[in-house]
Every structure is written in structure tokens, then in C-alpha cells.
Protein chains: 2
Amino acid sequence: MNTKDRILQAALRQFNAIGTGQATVRSIAAEAGISHGNLCYHYKNTDELIEALYLQLAGRVAPYAQMAFSEGISLEGVFGQAWQTFGLLYQYRFLLIDFVQITRRLERMKQNFQQLMDVRRQQFLYGFKQLEEQGEMKPEPLPGHYELLITNLLIVGNNWISEAEVQFGDKGDAVVAHYHRAMMALFVPYLTPKGLRAYQALTADDGAYGGKADKPLR
Amino acid sequence: MNTKDRILQAALRQFNAIGTGQATVRSIAAEAGISHGNLCYHYKNTDELIEALYLQLAGRVAPYAQMAFSEGISLEGVFGQAWQTFGLLYQYRFLLIDFVQITRRLERMKQNFQQLMDVRRQQFLYGFKQLEEQGEMKPEPLPGHYELLITNLLIVGNNWISEAEVQFGDKGDAVVAHYHRAMMALFVPYLTPKGLRAYQALTADDGAYGGKADKPLR
DNA sequence: TTAATTTTAGAACAAATGTACTATATTTGA
DNA sequence: TCAAATATAGTACATTTGTTCTAAAATTAA
């Protein structure tokens, strides 16, 4: 593997373990097994590493984000897309945990993210419409209600990892399953009987996303 | 005002403005108009300042937390308690924004917070039962569903400020109203017709928590 | 009043860190 | 093959920061 990749890998491990504020060019270079002079030759400073990893993650999430709310999406599709995305986000969890601090310095990342959230909002709205047409989701109970629901979905989607870090520490897959299950539950009261049957099948003990989520985490 | 209080005030302002990672004993002392030697005489380091402010916040939130889910609570009571708490959290927003980084160093705070979340969870469950008895809330649609809902409520309650910081920056009251409105909407699909009427009265343009939330924030 | 205590400012120092620079070593391409 | 380029290790330096120490100033209490 080439040096740039080894650096990124070491940076990712260390950012996740101790946060972007504690990791330095020297500590990351040590983890990668190279000199810090060499690291700075490839990446001027830690901010460049953060940005590179952000772009890496964005590139890996994009396919799922596209797929998620394409035409004819079903509740099962939403589950699957969220599951894949949750897994990826967890691999790059330092980005979500340190996001505010990072975007205070990297204005470009902040604006990129704001645009991304606007797109997500549209995708959610469109996805809801699709699910309604599939007969899995009901129309919104009050005017403008789905806008508010989406606000909550975005908060949960962006911050479950911070919550997990404080509540459970570094428990890997079990944590991902736990919060995926929780977020998906936000759909329940808006589902039609048909949608609810799909939900119950997916979350059943022998379903694709059931059972394993409920082991005690602490 | 005595020196200790002036220090805490300066620290709070600076933590909120630039984060706990950027503020130093020297910068805070400068903001308070004293020497850093003097600051260290009162508080050994920034961690002691963080802990002092955390305790200050905990003391100010406690009354609302108690009141929130006492016997015979109504939806209106829930709205009011959340409103008060949201306002207080916003004043100490650095704590929520930097919480993961902080608790990595201050194990005691982390454990205190974990216990607090356990209590909150019980309070929510009890509160739901109260609202059901008042005839404002329906029983859970699926077994264990309210546990999952509470997980989401806690994530939103603890992280709306981080989301606000990235999305809107420092917009004060308007931001608080915006996210309060969003979080309260999570109750909607579980409300009885009676509960829904209460909700609509509270969020009406001329209601206690209506209107003002919907000015554009960006 | 005056001695003890508390508070304050500032200096001093070591450790850490970002940044730049230098000198080899390695790889590439003609 | 061999010159040009790229990559690497290590050094050097200025800054920042936490921490400790000293001495002066202010306050307190007898």
C-alpha cells in the first residue's frame, strides 16, 4: 500500500480513538511508521487529513444516498440504505463527533455539509411521497409536520454516534444496530397497516435488522 | 462581583464562542481582565472551569427536570419544561457541543451524565404514563416502542445545539424556538384528539410557542 | 495598628507542536 | 545508464501552553 493511504488509515484510527484535537502530525506519523517530516510532505497538516477523510467518506456514502430515494423505494429499501450509511458513518465517526470544532476551522466543509443537508431534506420529502404511493406510509397528520419530522431525523442521523460514544463507548456493531433500530422506529406511527407489516418483518428476531440489536450494551 | 464569578463568566463566554479546545487559561484570564497566574490560583486549569460550569448548569436545570414529570403533568407542562431547559442548555451550549471531548478527559462527568440519562429515561416513561392517564397520549403502538422513542428524544434533546451551530451559527432565541418546535412535534402522532387540540393551541401563531419559530434562519 | 492570610501580577521553565529546511535515499523516465 | 523527480528522515526554531514560583499588594482579624 502506498504511503498516502497508510497515512490516511493511521489518521482515521487515531482520530476515532482520541479525537482530532489530540492527534498531531507527529503522533499520526508514529502510528503510520514514518517520520513526521514525511507526513507533512504528503499532507501539510491535520486539517488536510481531515478534509481528505471527509471526501473519502462522502464518496463512499454518495451511492447509498442516491439509491435511497430513487423512484419506487420501499420501507425495506430505506432500512437497507440507512443500515449501510450507519455502518460507514461509524467507520469515520470522528467526523461526526468533532464536526462542530472541525467546521469552525474549515468553512468549506461547513458549507458543503449545509448543502448536503438541504439535499437530504429534499430526498426525505420525496421518499415520503414514494412510500405514500407504495401504500406503506400515511400522509402527514398536520400541515408542515413532515418538515419537522425530517429535522429530527437529520439530528438523530448526524448525532447518534456522539450519543453512543458517551453512553456506551466503543462497542462497534452492537451500537450501530442499536441506533439504527431506534431511528427506524421514528417511522412507525406514520406507517399504514401494510407498512407496519413490513416494519415488523424487518425488525423481527429472525428479520434482517432484528434481534441482535437488543443485547445489553452496558 | 467577585473574581471567581468573573472568571466563570468569562470562561462561559469564551467556551461558547471558540470551544473548550481553543480557550486557554491565558485567553480566559485576558477576557476576565486578570492575570493568568491569578486565574490558576482560583482554578487550576480549564478542566476545573468546565466542571464548575457543568455543576452550575446541572443546578439550574434540576428544578425543571424534577417538575417535568411530577404527578398530573400535562402536555402544556411538557412544553414549558422543555422550553425552559432548552433555553438553559443554550446558555451553556459549549458543554453539549464539546461533550464527547470533555468526557474523554473527565470520567467523573461522563458517569454523572450516564446516570442522569438513566433517570431521564425513567422520567419520560413515567411522564408518558401520566399523559396517557390525562387522556392526551395513546398507549404505545408496539411493545417496547416508547423505549425507542425515548432514545430518539434524548438524542435530539442533547444534540440539537450541535446541529444548530453547524446549520445556523449563533442565532440565539430563534434557534431555540426552532428546535423546541421540532422536538415537540415528535409527540404528535402519539397524541389523542384531546392531546392534539392542546398541541395545536400551544403551537398556534398566537399560542405560547407558535409563530415566532418560523422565521427563516438562514 | 499590625501581623497573618489571602489575593494578585508577572516571571521563569519545560514540554509540545507546527512549520520549514537540509541532506540522503529511492524511483522514474528518457 | 544516469540525470531529474520524488520521497523520506531528521534537525532546527519559534510559538504556545500548562505549570510553578516569587514577590508585592490587599484584605482580614486580633
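In what follows, chains are A, B, ... by sequence order, proteins preceding strands, each numbered from 1. Predicted model only: the values in this text are computed from it and were never measured.
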Exercise. Is there side-chain contact between B/Tyr90 and B/Asp173, with heavy atoms separated by less than 4.5 Å?
Worked result: no
For this session: Scan residues 20-46 of chain A against DNA chain C and write down, sorted by residue number, each residue with any heavy atom closer than 4.0 Å; if none is found, say none.
Result: A/Thr24, A/Val25, A/Arg26, A/His36, A/Cys40, A/Lys44, A/Asn45
Exercise. Roughly, in whole Å, what's the span from NZ in A/Lys4 to P in D/dA7?
Worked result: 8 Å
For this session: State whether the side chain of A/Glu140 and the backbone N or O of A/Tyr146 hold a donor-acceptor pair below 3.5 Å, judged by distance alone.
Result: yes
Exercise. Taking atom NZ of A/Lys44 as the centre, does the number of heavy atoms from other residues, nucleotides or ligands within less than 6.0 Å exceed 12?
Worked result: no
For this session: Check the side chains of A/Tyr41 and A/His36 for a donor-acceptor pair under 3.5 angstrom, ignoring hydrogens and angles.
Result: no
Exercise. A/Ile18 CD1 to C/dA16 P: how many Å, rounded?
Worked result: 14 Å
Exercise. Between B/Arg6 (CZ) and C/dT7 (P), how many Å, whole number?
Worked result: 13 Å
Problem set entry | Short side-chain N/O contact from A/Thr3 to OP1 or OP2 of D/dA7, under 4.0 Å | no
Exercise. Within the distance-only criterion (no hydrogens, no angle test), does the side chain of A/Asn159 pair as donor or acceptor with the backbone N or O of A/Ser162 below 3.5 angstrom?
Worked result: no
Name every donor-acceptor pair, under 3.5 Å, that has one atom in a side chain of residues 53-63 of chain B and the other anywhere in the protein, sequence neighbours excluded.
unit_1	atom_1	unit_2	atom_2	d
B/Tyr54	OH	B/Asn112	OD1	2.9
B/Gln56	OE1	B/Tyr92	OH	2.7
B/Arg60	NH1	B/Tyr92	OH	3.2

